[in-house]
Structures are given as C-alpha cells and as structure tokens.
Amino acid sequence: NGTTCGLKEIMIGRCYEYQYMKYQLFLTNQSNVKNCTQLYQAFESAVRYKPYCNMNMSTYEKYFQLALSGVHVINRAMFWSGTYGVTHAYSADGANYITLEDTLAAAMANGLVWCGNENHTDGFDFFSCPNNCKDNRWADLAFWGLASKTFAQLAAGEIYVVLNGSHANDRPAFRNNSYFSDFELPNFRRTGEYRVTKINILLLHSPDKNVTEKCGEKSLVQLENLILAQGFQYACKDDPEELILIMCGNQWKARECQIARHVLRQA
Ligand code: NFD
C-alpha cells in the first residue's frame, strides 16, 4: 500500500485551489476563508510521529473543526454507497449537489494515502500503511469515519443518498458496516434550525446488469424503517432519469440505453 509522495504540497495546493478558484461560489465566502498552512498543520500534528494503530475517532477532530466550521449544506447534501463515479458526475463538483468530497476538509485528502510512524525521522511512513489494525478498528476509520460523521452533521433539510441496486454476490444496496450506515445515517440532525427533514434515496441499476433490489424491497425496507424511526420523511426512487442518462453516457450500447437513445431522437 504505497503512500502519497508530496502529501503536504498536494494538500496545501488543493486548499488554495478550492478556496480561491474552484469552490469559491459554493461553500466558502469571504468571511470564512481558511488559512491553508494552518489547516495543514492541524492535519499534520494529528498524525505525524503517531503510531498508526493508536489513531481513533478523535485524532483528526481539530482538523475537521477548523476546515468545516461555519458550513451548512442545506437541501443539497448528497451521500453515496457503491456509486462513487456516477454520484460525482451528477453532483458536478458542487454545482448540482454537494458530496463529502466537495467540502474543503475532504477535498484536501481525497484519494491520498498516508500514515504516521513514530520511528521514522520524518514522522510519516512513506513506504506502507497497515490499513488493518487488528486490535483497533478505529485506527483505520480515524480519518474517513470522522469525515463522514462531520459531514452528516452539516447536512440540513432534504438530503439525497445514491445507492446501487445491482450489486452482485448478494451485497445489499444498504449494508451494515458501510460508512453510510455507520457514520452518516446515525448522525443526521433531528432537531433545530439545521435539522434534516427528508431523506431521498436514489436507487440505481447499472445498464446491462441484473436488478437485485428495488425500492420497497429487501435492504431498502430495512433502511426505510431506520429512517422513519428517526423521525425523517422517506422517499425512494428507482432509476431517476437524469442519472440513467449519465450512466448511459459511458455505456451507450447497453439495452436500456438504446431506449434512452430512441427517446432522445424523438424529442
Ligand atoms: P462504499 P460507504 N473512488 O462505496 N466516505 O457507504 C474512490 F476514490 O462501499 C467517503 O462505505 O460506500 N474511492 C470516503 C472509492 C471514504 C471509490 C469513506 C472510487 N470509485 C466514506 N469507490 C472517501 N471520499 O474516500 C469506493 N471508494 C472507497 C463517505 C471509499 O473511499 C461518503 O460521504 C470508501 O473508503 C459516502 O456517503 C470505500 O470505498 C460514504 O461515506 C467504501 O465506499 C461512502 O462510504
């Protein structure tokens, strides 16, 4: 498991790009611009020289507090499980919806691999990260678990969850132990001005793959019950058209996409 060379430069560079170019319109305003060096320092001091398997869910607390303070995502927060690619094509870097990866805290670290090492002169392990602490599951979840929890707490109003209803091998669309079920669903706000009101499930079926679950079936029933028990409204839609068109953009030859092609020609 190789680590990312240039971690520091990438994170600070991404922070500048995020705040001064890409996301200026969406999630930052002039009264809320963060100091990128300070933000990186908060990240680094949490992990550098620390033994990897000693990490836990509060290791990166200061970093997330600093990066996400003052942010609320109202009626536009989007979560995903098993649908990374299509969800991000649809959210369009925050133009349509806002995913965790469209927030500053996660954008700085998305896709990077790192870990601390107490013995290395630099305090980071640049060769390999365990990613599998037998005695401490929290070590592996320290960053993305807290990222997911923090983002869920910022989501308000109606939220969207894109799930995959054509998994093979009996893997359900909504599964226990996913980040979505362990760190996001339990942390949506139920009270106050910024509470979540409604959870909209968008259930996708990949063109040319078997449909293994639809709204109202199997794990979607379990999810509906959990959502209603928390006091949120629930809606579930199979294959929203705008998402079918995005999927068909990459799978033009699939049977389902020929139908879309037909309809588009007629219009
Ligand atoms: P999963 P989940 N590209 O699909 N989150 O519910 C990249 F880069 O089983 C975000 O467990 O759903 N990573 C991150 C991918 C990490 C891809 C954890 C892909 N094509 C949790 N596909 C993150 N940004 O890294 C899968 N993964 C990785 C939050 C993914 O990084 C999001 O707000 C994760 O480690 C989202 O609502 C693992 O596969 C939910 O949790 C499990 O993805 C997704 O976690």
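Computed from heavy atoms alone, side chains included, the values below leave out hydrogens, waters and symmetry copies. Predicted, not measured: the structure shown is a model, and the values here were computed from it. Ligands are counted one by one from 1 in listed order, and the atoms in each one are counted from 1 as well.
Polar contact check, F180 against ligand 1: a nitrogen or oxygen pair lies under 3.5 Å apart. Every N/O-N/O distance between Y84 and ligand 1 stays at or above 3.5 Å.
For an aromatic pair to be called close, the ring centres must be under 6.0 Å apart, and H88 with Y84 satisfies this. Here W80 and Y97 keep their ring centres 6.0 angstrom or further from each other. Outside the 6.0 Å centre-distance limit, the rings of Y179 and F79 are not counted as a close aromatic pair.
Summarising the contacts of atom 18 (C) of ligand 1 with Y179, F143, F183, the nearest heavy atom is found in Y179. Considering only non-hydrogen atoms, atom 23 (C) of ligand 1 lies nearest to E101 out of R175, E184, E101, M78.
Within the structure, the closest approach of R171 to ligand 1 falls below 4.0 Å when heavy atoms are considered. Residue contacts with ligand 1 include G82, since one or more of its heavy atoms lies under 4.0 Å from the ligand. Within the 4.0 Å heavy-atom shell around ligand 1 one does not find G85. Proximity of W80 to ligand 1 is established by a heavy-atom distance of less than 4.0 Å.
Looking at Q19 and L104, their side chains come closer than 4.5 Å, going by heavy atoms from C-beta outward. At least one side-chain heavy atom of F174 sits less than 4.5 Å from a side-chain heavy atom of L185. Y52 places none of its side-chain heavy atoms less than 4.5 Å from the side chain of D125.
Contact annotation for V161 and ligand 1: no heavy atom of the residue comes within less than 4.0 Å of the ligand. Counting heavy atoms closer than 4.0 Å to ligand 1, residue S178 contributes atoms from both its backbone and its side chain.
Atom 38 (C) of ligand 1 is never approached by the protein to below 4.0 angstrom, counting heavy atoms only.
For the residue pair N119 and N117, the shortest heavy atom distance occurs at N-OD1, 2.8 Å.
Residue pairs meeting the side chain to side chain donor-acceptor pair (under 3.5 Å) criterion with at least one partner in residues 143-165, sequence neighbours excluded, are E158-N200, N164-S166.
Near S81, with a cut-off below 4.0 Å to any heavy atom, the atoms of ligand 1 are 2 (P), 4 (O), 6 (O), 12 (O). Taking every non-hydrogen atom of F79 and a distance limit under 4.0 Å, the qualifying atoms of ligand 1 come out as 37 (O). Which parts of ligand 1 touch S148 is read off a 4.0 Å heavy-atom cut-off, strictly below it: atoms 5 (N), 21 (C), 29 (C), 41 (O).
With hydrogens left out, the protein atom closest to atom 14 (C) of ligand 1 is W144 CE3, 3.6 Å, a heavy atom.
Using a 4.0 Å cut-off between charged nitrogen and carboxylate oxygen, K8 and D122 do not count as a salt-bridge pair.
Aromatic ring pairs are classed by plane angle as parallel below 30°, tilted from 30° to 60° and perpendicular above 60°; the pair F143 and Y60 is perpendicular.
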